[in-house]
Amino acid sequence: MKNKFLTFSYDDGVVQDRRLVALLDKYGLKATFNLSSGWLGKTHHFQSKGVEFVHQKVKREEVPTLYRNHEVAAHTLTHPKLTNLSDEEIILQVEQDRKALSSLVGYEVVGMAYPGATNNHDERTERIIRAHTGIQYCRTVDSTYAFDLPVDMYALCPTIHHLDPEIWDLCHRFLELKTDKPQLLYIWGHSYELDLEDRWEELEDLFRLLGGREDIVYDTNGEVLRQLFPAEL
């Protein structure tokens with residue numbers, strides 16, 4: 001039985017996902033893509049490190065085909081900061097997005113990543129989503145730098161961001177790990193960051209390192225969690 005699990009999580013559904021999906025498929029890796037259905041096909045502009053950047057979302061009609069080998073999950077309808085919203089607005093943002101994406105991909109969407117950077121959720125938002133939506137798990141942006149299994153399905157903390165300077169050392173430790181209990185390497189990010197910092201070649205090197213290992217289970221967020229917590233999902 002394999003006790004090492006690897007999964008990736010990418011946010012926003014930007015056009016750079018096309019290149020990212022091709023790399024994931026090339027190395028047999030699996031990811032969950034968190035989409036805001038209200039933003040599909042739209043273009044936004046923002047600045048990062050003083051550089052103007054175009055944030056272009058994939059088109060609605062390409063979602064089922066582009067992500068067919070992976071998992072689509074929710075990211076709220078229009079990407080607001082949930083902690084600033086009323087209870088009713090949180091339910092609307094999450095559940096309308098989940099239902100729209102479910103209709104689009106042809107299966108029940110049950111996962112989600114909280115939109116925004118730090119402090120993007122709290123106990124109230126977790127409680128509301130758990131009680132009033134069809135979402136079964138939510139990912140945060142708070143890295144653990146550890147391989148221990150999550151303890152709260154509505155505050156899932158990833159292991160590390162894909163451009164974190166510590167990722168190479170951490171991935172080598174995961175590959176060398178010998179364990180008789182389940183351990184999880186949970187990597188997250190945004191594909192547009194790879195354009196901003198010209199890091200595509202580095203990411204492919206990382207995928208090449210991690211892929212093709214006989215002692216690792218490669219799957220989407222939802223499938224990994226279903227295997228690890230069958231009673232909860």
Side-chain angles (χ1 to χ4, degrees), residues 5-46 53-79 93-115 133-139 156 158 162-163 186-196 199-208 210-212 216-227 233:
F5 294 79
L6 171 61
T7 192
F8 292 83
S9 182
Y10 284 94
D11 296 352
D12 292 350
V14 289
V15 294
Q16 289 87 351
D17 283 357
R18 299 165 186 160
R19 185 174 178 181
L20 177 62
V21 165
L23 286 178
L24 289 163
D25 291 348
K26 179 179 179 179
Y27 294 101
L29 304 173
K30 295 289 185 177
T32 292
F33 289 87
N34 307 286
L35 311 182
S36 294
S37 57
W39 277 11
L40 292 174
K42 296 185 178 181
T43 299
H44 298 89
H45 296 264
F46 70 98
F53 189 75
V54 178
H55 200 263
Q56 185 178 354
K57 313 305 186 299
V58 299
K59 295 179 180 179
R60 182 177 304 273
E61 56 268 25
E62 72 178 298
V63 168
T65 301
L66 176 60
Y67 302 114
R68 64 183 178 274
N69 295 329
H70 303 276
E71 177 189 22
V72 166
H75 202 39
T76 70
L77 196 62
T78 58
H79 207 276
Q93 280 284 336
V94 173
E95 192 64 0
Q96 283 200 8
D97 187 41
R98 189 189 73 81
K99 289 181 177 179
L101 293 172
S102 296
S103 177
L104 194 56
V105 297
Y107 56 82
E108 196 74 8
V109 167
V110 298
M112 174 179 157
Y114 292 107
T133 77
I135 293 296
Q136 297 178 6
Y137 73 85
C138 299
R139 198 213 76 226
L156 289 173
H162 66 171
L163 298 185
Y186 193 172
I187 299 172
W188 81 283
H190 306 84
S191 60
Y192 67 79
E193 297 165 332
L194 301 162
D195 275 357
L196 280 172
R199 303 283 287 275
W200 285 101
E201 185 175 341
E202 180 182 338
L203 187 75
E204 182 167 7
D205 288 342
L206 186 72
F207 284 4
R208 186 181 296 111
L210 292 171
I216 295 177
V217 175
Y218 302 97
D219 224 325
T220 64
N221 294 188
E223 287 304 315
V224 164
L225 293 170
R226 273 185 277 274
Q227 293 176 67
L233 279 80

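Computed from a prediction, not measured in an experiment: that's the story for all the values here.
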SB check Lys59 Glu62 (cutoff 4.0 Å): no
Donor-acceptor pair, [X] side chain versus [Y] backbone, under 3.5 Å?
X	Y	answer
Arg226	Leu233	no
Arg68	Thr65	yes
Ser36	His75	yes
Tyr186	Phe5	no
Gln56	Thr43	no
Glu95	Gly134	yes
Thr32	Asn221	yes
Glu71	Gly222	yes
Tyr218	Leu210	yes
Thr7	Asp219	yes

Is there a side-chain contact between [X] and [Y] in this structure, where contact means two heavy atoms from C-beta onward sitting under 4.5 Å apart?
X	Y	answer
Val94	Met112	yes
His190	Leu196	no
Val72	Leu104	no
Thr220	Tyr67	no
Leu163	Leu203	no
Leu194	Glu202	no
Asn69	Val21	no
Val217	Glu223	no

Quick one: [atom1] on [X] to [atom2] on [Y], what's the gap to the nearest 0.5 Å?
X	Y	atom1	atom2	value
Thr133	Lys99	OG1	NZ	10.0 Å
Tyr114	Asn34	OH	CG	12.0 Å
Leu101	Arg60	CG	CZ	8.0 Å
Leu225	Tyr137	CG	OH	6.5 Å
Ser103	Glu108	OG	CD	10.5 Å

Residue pair Glu204, Tyr27: steps toward the side chain to side chain contact (heavy atoms under 4.5 Å, CB included) verdict: CA-CA 9 Å; Glu204 182 167 7; Tyr27 294 101; 2.7 Å; yes
Worked verdict on Leu29 versus Leu6 for side chain to side chain contact (heavy atoms under 4.5 Å, CB included): CA-CA 8 Å; Leu29 304 173; Leu6 171 61; 4.1 Å; yes
Evaluation steps, side chain to side chain contact (heavy atoms under 4.5 Å, CB included), between Trp200 and Arg19: CA-CA 9 Å; Trp200 285 101; Arg19 185 174 178 181; 3.3 Å; yes
Working for side chain to side chain contact (heavy atoms under 4.5 Å, CB included), residues Asp12 and Tyr192: CA-CA 9 Å; Asp12 292 350; Tyr192 67 79; 3.7 Å; yes
Parallel, tilted or perpendicular, as decided by the 30° and 60° cut-offs, for the rings of Trp39 and His44: tilted
Residues that Glu61 engages under salt bridge (Lys or Arg N to Asp or Glu O under 4.0 Å), provided they are two or more places apart: none
Minimum heavy-atom separation for [X] to [Y], with atom names?
X	Y	result
Ser37	Leu77	OG-CD1, 3.3 Å
Val109	Ala73	CG1-CA, 3.8 Å
Ile135	Ala74	CD1-CB, 4.1 Å

Side chain to side chain contact (heavy atoms under 4.5 Å, CB included) partner of His162, the single match among Tyr10, Phe8, Trp188: Tyr10
Step-by-step side chain to side chain donor-acceptor pair (under 3.5 Å) determination, Asp97 to Thr76: CA-CA 5 Å; Asp97 187 41; Thr76 70; 5.6 Å; no
